[in-house]
Enquirer: 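For reference, the structure I am asking about is given below.
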Amino acid sequence: MADEALFLLLHNEMVSGVYQAAEQGEGENGRCITKLENMGFRVGQGLIERFTKDTARFKDELDIMKFVCKDFWTTVFKKQIDNLRTNHQGIYVLQDNKFRLLTQMSAGKQYLEHASKYLAFTCGLIRGGLSNLGIKSIVTAEVSSMPACKFQVMIQKL
Amino acid sequence: MAVCVAVIAKENYPLYIRSVPTESELKFHYMVHTSLDVVDEKISAMGKALVDQRELYLGLLYPTEDYKVYGYVTNSKVKFVMVVDSSNTALRDNEIRSMFRKLHNSYTDVMCNPFYNPGDRIQSRAFDSMVTTMMIQVC
């Protein structure tokens with residue numbers, strides 16, 4: 001992964017770029033999240049291909065989720081997920097107490113309404129990675145107090 | 001050394017297939033197609049195997065009179081199949097392994113190319129020339 005600061009700057013620019021384009025009348029505002037999510041999806045697909053090149057074959061779904069929480073997260077965000085919970089029926093909750101992309105904003109609830117913009121890309125990243133490993137899922141994020149956030153992964157059974 | 005190299009998507013359709021004697025192309029396509037069943041069999045058997053045996057390289061899938069078919073499956077369930085002339089006895093397991101390794105590296109580069117749509121046929125020139133070097137090394 002490229003230098004950390006560069007990734008953070010690029011990500012910030014990407015978010016504001018997408019939103020600025022929307023303000024100038026290219027498509028409506030609600031589609032920005034989708035757009036960012038789709039960008040993340042494609043990046044996730046590529047990244048997971050690269051990261052899993054030298055790992056052994058995965059045993060099951062939980063094995064894959066552990067890989068995402070540890071190796072994948074460490075490479076992208078320089079830290080592991082703090083807490084992974086599951087109900088063993090296809091729902092996983094990944095909790096990060098100090099999420100990298102939110103650390104630049106003031107902690108607490110001041111910018112809570114803007115948080116979703118900065119999480120869309122990462123949601124896509126997870127979804128893209130999982131889909132390339134053969135798991136279809138829906139990923140949503142929620143923040144109650146910055147910079148902690150939770151990603152909920154709902155696996156869609158075929 | 002390899003006479004045919006194929007990349008198969010996880011939904012079992014070909015992303016890339018190339019063989020060297022072009023006149024018998026259909027035969028190789030058929031061979032690759034047949035090998036997919038063996039790949040599936042090996043993967044499902046592997047799920048129960050011990051942890052340290054879960055390698056990406058599958059080894060020899062099946063030999064025929066004139067050729068040997070080798071397989072490799074990535075974590076994203078993309079399959080690589082390689083057909084090798086069996087008269088070429090000098091070829092060791094290790095070399096096959098490193099050829100697959102090279103193929104996988106190249107495929108990863110294709111996947112990370114922003115102009116490539118995952119699931120499309122591979123038309124990358126870099127990938128193509130890498131396969132060419134694998135095919136003519138000995139022939």
Side-chain angles (χ1 to χ4, degrees), chain A residues 1-2 6-7 10-11 13-14 17-18 35-73 75-76 121 124-137 155-158, chain B residues 7-13 15-16 36 39-59 71-80 97-120 122 124 126-127 130:
Chain A
M1 202 72 195
L6 293 180
F7 170 56
L10 178 64
H11 180 263
E13 273 315 304
M14 204 170 68
V18 166
K35 205 166 172 182
L36 284 167
E37 217 256 350
N38 283 335
M39 285 167 148
F41 184 81
R42 180 63 183 84
V43 175
Q45 276 188 316
L47 282 182
I48 211 80
E49 192 71 49
R50 183 142 281 177
F51 295 162
T52 57
K53 210 170 58 185
D54 302 309
T55 57
R57 202 179 301 286
F58 294 116
K59 223 172 22 209
D60 50 17
E61 212 173 82
L62 189 63
D63 212 23
I64 292 177
M65 289 313 290
K66 281 185 190 160
F67 177 84
V68 170
C69 291
K70 288 185 181 155
D71 302 57
F72 186 75
W73 220 257
T75 330
V76 182
F121 182 78
L125 215 59
I126 302 173
R127 197 168 65 88
L130 290 178
S131 102
N132 205 9
L133 293 175
I135 301 180
K136 284 218 163 43
S137 60
I155 311 261
Q156 306 201 288
K157 291 276 184 296
L158 296 172
Chain B
V7 179
I8 319 285
K10 62 166 158 276
E11 295 89 358
N12 282 339
Y13 62 89
L15 291 175
Y16 182 91
L36 291 179
V39 171
D40 269 356
E41 212 169 274
K42 288 222 177 200
I43 293 176
S44 54
M46 217 171 245
K48 296 157 204 144
L50 292 166
V51 182
D52 47 306
Q53 284 172 344
R54 285 180 288 135
E55 213 196 341
L56 299 180
Y57 174 58
L58 295 178
Y72 184 103
V73 179
T74 72
N75 269 313
S76 49
K77 304 282 179 294
V78 173
K79 300 150 188 97
F80 300 140
R97 208 180 284 255
S98 77
M99 276 158 77
F100 272 125
R101 194 95 234 141
K102 248 167 62 189
L103 198 63
H104 193 175
N105 282 337
S106 241
Y107 174 73
T108 321
D109 290 341
V110 172
M111 250 325 261
C112 290
N113 175 1
F115 294 108
Y116 172 74
N117 270 328
D120 284 1
I122 297 173
S124 152
F127 188 83
M130 195 278 312

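Since we're looking at a predicted model, the values are computed, not measured. Letters go in sequence order (proteins before strands), and every chain restarts at 1.
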Enquirer: Given 3.5 Å as the limit, does a donor-acceptor pair link the side chain of B/Lys10 with the main chain of A/Asn132, or not?
Expert: yes
Enquirer: Which value, rounded to the nearest 0.5 Å, describes the distance between B/Arg101 atom CZ and A/Lys53 atom NZ?
Expert: 7.0 Å
Enquirer: Check B/Cys112 against A/Gly46 and note the closest heavy-atom contact, atom names and distance.
Expert: SG-O, 3.4 Å
Enquirer: Drop me the distance from B/Leu56's CG to A/Asp54's CG, to the nearest 0.5 angstrom.
Expert: 8.5 Å
Enquirer: If I compare all heavy atoms of A/Arg42 with all of B/Met111, which pair ends up nearest, and what's the gap?
Expert: NH2-O, 2.8 Å
Enquirer: From the options B/Asn105, B/Asp109, B/Thr108, select the one residue that forms a side-chain hydrogen bond (donor to acceptor under 3.5 Å, both in side chains) with A/Arg50.
Expert: B/Asp109
Enquirer: Considering residues, nucleotides and ligands other than B/Phe115, do more than 12 of their heavy atoms fall under 6.0 Å from its CZ?
Expert: no
Enquirer: Using a 4.5 angstrom heavy-atom cutoff, name the option from A/Thr52, A/Ile64, A/Ile48 with the most pairs to chain B.
Expert: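 So the answer, after comparing A/Thr52, A/Ile64, A/Ile48, is A/Thr52.
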Enquirer: Against chain A, label B/Val73 side chain, backbone, both or neither, depending on which of its atoms sit under 4.5 Å from a heavy atom there.
Expert: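 Both backbone and side chain of B/Val73 come within 4.5 Å of chain A.
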